[in-house]
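To find a chain, count down the sequence lines: A is the first, B the second, and so on, and within it residues start at 1.
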Number of protein chains: 2
Amino acid sequence: MKRPPKAPSITVSDVARQAKVSKATAARALGGYGRVSKTVRAAVLEAAKALDYRPNELARSMTTGRSGSIGVIVGDIENPFFSLAVRGISDVARRSGINVILANSGEEVEAEKSAIRVLMAKQVDGLIVTPAQSGDIAHLKEIACPLALLDRALPELDVDTVTVDDRNAALRATRMLTQAGHRRIAYVTAAVLSGDFRGAESSINTSTVRERILGFLDACREAGIEEAERDIHFGSGRSESAHAVLLQLLRSADRPTAILASDSVVALDLFKAIRECGFGIPRDISLITFHDADWTSVTTPPITVIDQPVYALGKSVAELLIRRLKGDDRPPERIVLPTTIIERMSVGRSPEAIGQGLNRS
Amino acid sequence: MKRPPKAPSITVSDVARQAKVSKATAARALGGYGRVSKTVRAAVLEAAKALDYRPNELARSMTTGRSGSIGVIVGDIENPFFSLAVRGISDVARRSGINVILANSGEEVEAEKSAIRVLMAKQVDGLIVTPAQSGDIAHLKEIACPLALLDRALPELDVDTVTVDDRNAALRATRMLTQAGHRRIAYVTAAVLSGDFRGAESSINTSTVRERILGFLDACREAGIEEAERDIHFGSGRSESAHAVLLQLLRSADRPTAILASDSVVALDLFKAIRECGFGIPRDISLITFHDADWTSVTTPPITVIDQPVYALGKSVAELLIRRLKGDDRPPERIVLPTTIIERMSVGRSPEAIGQGLNRS
DNA sequence: TTCATGTTTGAGACCGGTCTCACAAGAAAA
DNA sequence: TTTTCTTGTGAGACCGGTCTCAAACATGAA
């Protein structure tokens, strides 16, 4: 199957022989542990250089138990949100000499489980996960190494977690919409809800999703909007069918006049769908989205966004996890990073409000 | 340093003891190699399940020499081009049960070298690299495992390579510009040129960069444009200073009337800079960019792009590399994938051409 | 000079798998 | 019945590092 293993790779023993010392001594000099006299160390190092010795991390990991790498499981690397967060993680990791094994769950629990299994088998020292679902988290509880959660908290899982102030962010954004006179406001997310949603927020375990919906509903309630729940749409992922659902929503008689999108991918899809329907932003529909993605500032009109500190999000989890790897055992921390709303031009007064001359401010 | 290694992990020996067979037999049943009787296998598997045995991949890799993972070194995961390509790679890899260790070079050779060292030490079975520079490739030649190049070919390195038809793509795009009457056309790239560029194409070793410039110059020559070389701008990476250089370019007296951008990140920066200068696209400046990024279709006007099969690019290298890992030893392949130009609204007639009524077609 | 202390070194076990080899037992061939 | 395969199993070496332990040597105090 494999080419005659051409790797007659140089080992400590080879170096030891060359330097005329014992394997143990050579290993000490090479590995930088234990005590070795200056002269011997120099000799060993020279021999190593001459032989072009390269340590085998795998073998090292075997005995130390530490692999020097962490696993990161995200929903979708293609989503700029995740790629930026991953960037934050890997920058921190590299600085600590740790490397990152990346896995995509595609937001599917089964893929997530499998990824965990594989990464654990690879003996990663720690794991950073963005849980795809909330209901099924047994596999997360079983993880034997330090675990940290990124962007999505799980109340039942008491581990280091970094999220943003989702509820408040959603509240502020939605309020911006209600204050512009909107009464039919939709919240559109790619998250998939297992089961039916009928106002039972408690059934949503993924913090990000639940908190945002809670904030959304808070604002609606505050404005006296009833049955806001019916305008919450799940499962608007990257697919033809999701796009079709969006078009249907926009073309329905009692379509929303404002939309809050849960991430920039969904928002882009919405933006296209809105245009496809011939609607104008913000004339016919107002739009706000989570994540200040590249494109949101160059569209016409530019989109008002909830700016999340994505890079910092990644940076923070990585720091938390690495600190724990180093032996820190204070109780798990739950860091909540603040968001800011960047107002651009995608929010306008509700057509109805204008028509009725209501709510002017 | 580390918590008292709480990992009294279950090993084959434990399972063997439980199943009352020898370690060797248990290993055979568990590892699925050699011959084991049905009954014994069942017993071992049951014992393994009871004990919740999980194989240690590291140990396995040690003896087999295979680690079951490949390393991928890209310039910048944040760039949608790379994240999409990585997606292609990891999809293929997962299907083969191989996982991906990702590293960012930040387009810096030193980081690239270091990443290679680390990944080699981790005993990756193969490596996919997007070489940051072209001059300094000694470290790539020294790589002991199968290597494949993504998006950028290196003539001196005879390994599996997947690129796109850069020269022809640049030629067609530039021709589109010359045919619209443009005479001052700039090519803007993030690539950094070591040394000075004075028409010495041969000094550029990175195929992608060289081929595109060649195509660009072909088209210029074809249109009788002289000294097109002076309008080639390197180093427009993601930075404040790069942006400043762009602004300066756009504000100069003899600014270009059309620009070809080498990737969507540069193009977005250009788009913003052009707007910042108060110019209209395509009225004052025409723009074409490589890579059909998300945002290019939603700007006003939407941007004409050279659509590269990015996902396929990743998919192909991964397939090539994995095939080689499996023992295939036919000579290295160089696959060139075709691109198509998606015409949108960012190309207009040159202001001069309009003024002089020239070149109408 | 002798004993205590400290430094440097080598021998060999160990990590958790794979794999070679020898041997036993049953099946098929002589 | 004896010989030859075939199949299933166990003992133990091995991968390439780390690490424990004790021996060898050096140094300083008594």
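Neither OP1 nor OP2 of D:dC15 sits under 4.0 Å from any side-chain N or O of B:Thr64. Contact annotation: B:Thr63 does not reach the phosphate of C:dG17 (side-chain N/O to OP1 or OP2, under 4.0 Å). The phosphate of C:dG10 has OP1 or OP2 within less than 4.0 Å of a side-chain N or O from A:Ser22. For the OP1/OP2 pair of D:dC15 and a distance below 4.0 Å, the side-chain nitrogens and oxygens of A:Thr11 include no atom meeting the criterion. Phosphate contact (OP1/OP2 of D:dC19, side-chain N/O of A:Tyr33, threshold under 4.0 Å): absent. For D:dG16, the OP1/OP2 oxygens have a side-chain nitrogen or oxygen of A:Ser9 closer than 4.0 Å.
Nearest-nucleotide positions on DNA chain C for B:Leu58 and A:Val36 put A:Val36 closer to the 5' end. When the nearest nucleotides of DNA chain D are assigned to B:Val40 and A:Pro55 by heavy-atom distance, the more 5′-ward of the two goes with B:Val40. Both B:Tyr53 and A:Ala26 sit near DNA chain C, but only A:Ala26 has its closest nucleotide nearer the 5' end.
Between the P atom of D:dC15 and the CZ atom of B:Arg66 lies a distance of 16 Å, rounded to the nearest Å. Regarding B:Arg17, its CZ atom lies at a distance of 14 Å from the P atom of D:dG10, rounded to whole Å. B:Arg60 has its CZ atom 18 Å from the P atom of D:dG16, to the nearest Å. Residue B:Lys23 contributes atom NZ, which lies 11 Å from atom C1' of C:dC19 at whole-angstrom precision. Atom pair B:Arg35:CZ and C:dA22:P shows a separation of 18 Å (rounding to whole Å applied). One interatomic measurement links the two molecules: CG of A:Leu30 to C1' of D:dG16, which rounds to 12 Å at whole-angstrom precision. The distance between atom NZ of B:Lys20 and atom P of D:dG8, rounded to the nearest whole Å, is 22 Å. Distance CZ (A:Arg41) to C1' (C:dT7): 13 Å, rounded to an integer number of Å.
Ion pairing between A:Asp125 and A:Arg66 fails under the 4.0 Å rule for side-chain N and carboxylate O. We find that B:Arg87 and B:Asp91 are joined by a salt bridge, their nearest charged nitrogen and carboxylate oxygen being less than 4.0 Å apart. A salt bridge links B:Glu333 to B:Arg323: at least one charged side-chain nitrogen sits closer than 4.0 Å to a carboxylate oxygen. Between B:Asp52 and B:Lys49 there is no salt bridge, since no side-chain nitrogen of the basic residue lies less than 4.0 Å from a carboxylate oxygen of the acidic one. Classification of A:Arg238 and A:Asp76 as a salt-bridged pair holds, one side-chain N sitting under 4.0 Å from a carboxylate O.
For B:Asn56, the listed nucleotide lying nearest its side chain is C:dG17; candidates were D:dC15, C:dG17, C:dC19. The B:Ser37 side chain lies nearest to D:dT9 when the options are C:dG16, D:dT9, C:dG10.
In the interface, the side chain of A:Arg28 is paired with the base of C:dG10 through a donor and an acceptor atom under 3.5 Å apart.
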